[in-house]
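Comments concern the structure below.
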Amino acid sequence: EIVGSREVLEAATGAKVETFCYPYGRLSTAAREAIVRAGYLAAVSIDGRPLARSGDLFAWPRLAINPNESRFERRLKIRGLYPLWKRLPRLGLLSALRRRGA
């Protein structure tokens, strides 16, 4: 699947595909090794997932941005504060912010 998906993307876009994004950020040692063997230059997981770490070109963390998140939530993620926010009891505040598009 790793090689086949690359071939499909290259055929569809006419551009060389050199990086890989682990589906749903699901990085494992076996998946990482397969990506390296397939000749990719780098791969990204999701920040906070096991094995995702800066400095490893095949386990680079990225931010997961969901379409129903507010601008406020995206700002928290960019600043690294989202994990703290996520743990707070919100009492409907998050839903209100999403409805307002804050």
Side-chain angles (χ1 to χ4, degrees):
E1 288 183 29
I2 291 168
V3 174
S5 63
R6 174 192 235 170
E7 292 169 352
V8 168
L9 286 170
E10 288 179 345
T13 64
K16 188 169 175 136
V17 175
E18 298 177 324
T19 57
F20 186 85
C21 181
Y22 298 101
Y24 303 100
R26 293 187 182 130
L27 165 62
S28 68
T29 303
R32 185 188 182 288
E33 290 171 3
I35 298 304
V36 171
R37 280 193 311 273
Y40 287 91
L41 300 179
V44 295
S45 183
I46 295 176
D47 190 33
R49 291 275 193 182
L51 305 179
R53 58 191 173 278
S54 294
D56 182 343
L57 289 178
F58 295 93
W60 215 230
R62 66 179 170 86
L63 293 176
I65 303 295
N66 300 308
N68 63 339
E69 290 175 339
S70 67
R71 281 182 268 151
F72 174 73
E73 289 173 283
R74 288 190 298 271
R75 282 187 229 125
L76 288 173
K77 284 185 174 187
I78 290 166
R79 290 179 175 88
L81 300 172
Y82 191 76
L84 298 172
W85 166 259
K86 192 174 171 184
R87 286 187 225 133
L88 293 174
R90 297 185 210 135
L91 304 173
L93 177 60
L94 182 55
S95 297
L97 286 171
R98 284 183 176 155
R99 281 193 299 275
R100 282 189 29 202

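Residues: numbered from 1 along the sequence shown.
When all heavy atoms of Ser54 and Pro61 are compared, the pair lying nearest together is N-CD, 3.6 Å. Here the closest heavy-atom approach between residue Phe58 and residue Leu41 is recorded as CZ-O, 3.5 Å. Here the shortest heavy-atom pairing between Arg74 and Glu69 reads NH1-O, 3.0 Å.
Side chain of Arg53 to backbone of Leu51: a donor-acceptor contact under 3.5 angstrom is found. Formation of a donor-acceptor pair under 3.5 Å by the Glu33 side chain with backbone atoms of Ala30 is not found in this model.
Not counting sequence neighbours, the partners of Ala38 by the side chain to side chain contact (heavy atoms under 4.5 Å, CB included) test are Ile2, Val3, Tyr40. Contacts of Asn68 classified as side-chain hydrogen bond (donor to acceptor under 3.5 Å, both in side chains), with partners at least two apart in sequence or in another chain: none. With sequence neighbours left out, Ile46 forms a side chain to side chain contact (heavy atoms under 4.5 Å, CB included) with Arg49, Arg62, Ala64.
Hydrophobic cluster membership is shared by Tyr82 and Phe72, with clusters built from Ile, Leu, Val, Met, Phe, Trp and Tyr side chains linked at under 4.5 angstrom. Taking hydrophobic clusters as Ile, Leu, Val, Met, Phe, Trp and Tyr residues chained together by side-chain heavy-atom distances below 4.5 Å, Leu57 shares a cluster with Ile35. If you chain together hydrophobic residues whose side chains sit under 4.5 Å apart, Phe20 and Leu27 fall into the same group.
Evaluation of the side chain to side chain donor-acceptor pair (under 3.5 Å) test over residues 12-32, restricted to residues two or more places apart or in two chains, returns Arg32-Asp56.
Under the 4.5 Å side-chain criterion, counting only non-hydrogen atoms from C-beta, Ser45 is not in contact with Trp60.
The hydrophobic cluster around Ile78 extends to Leu63, Ile65, counting ILVMFWY residues whose side-chain heavy atoms fall within less than 4.5 Å of a member.
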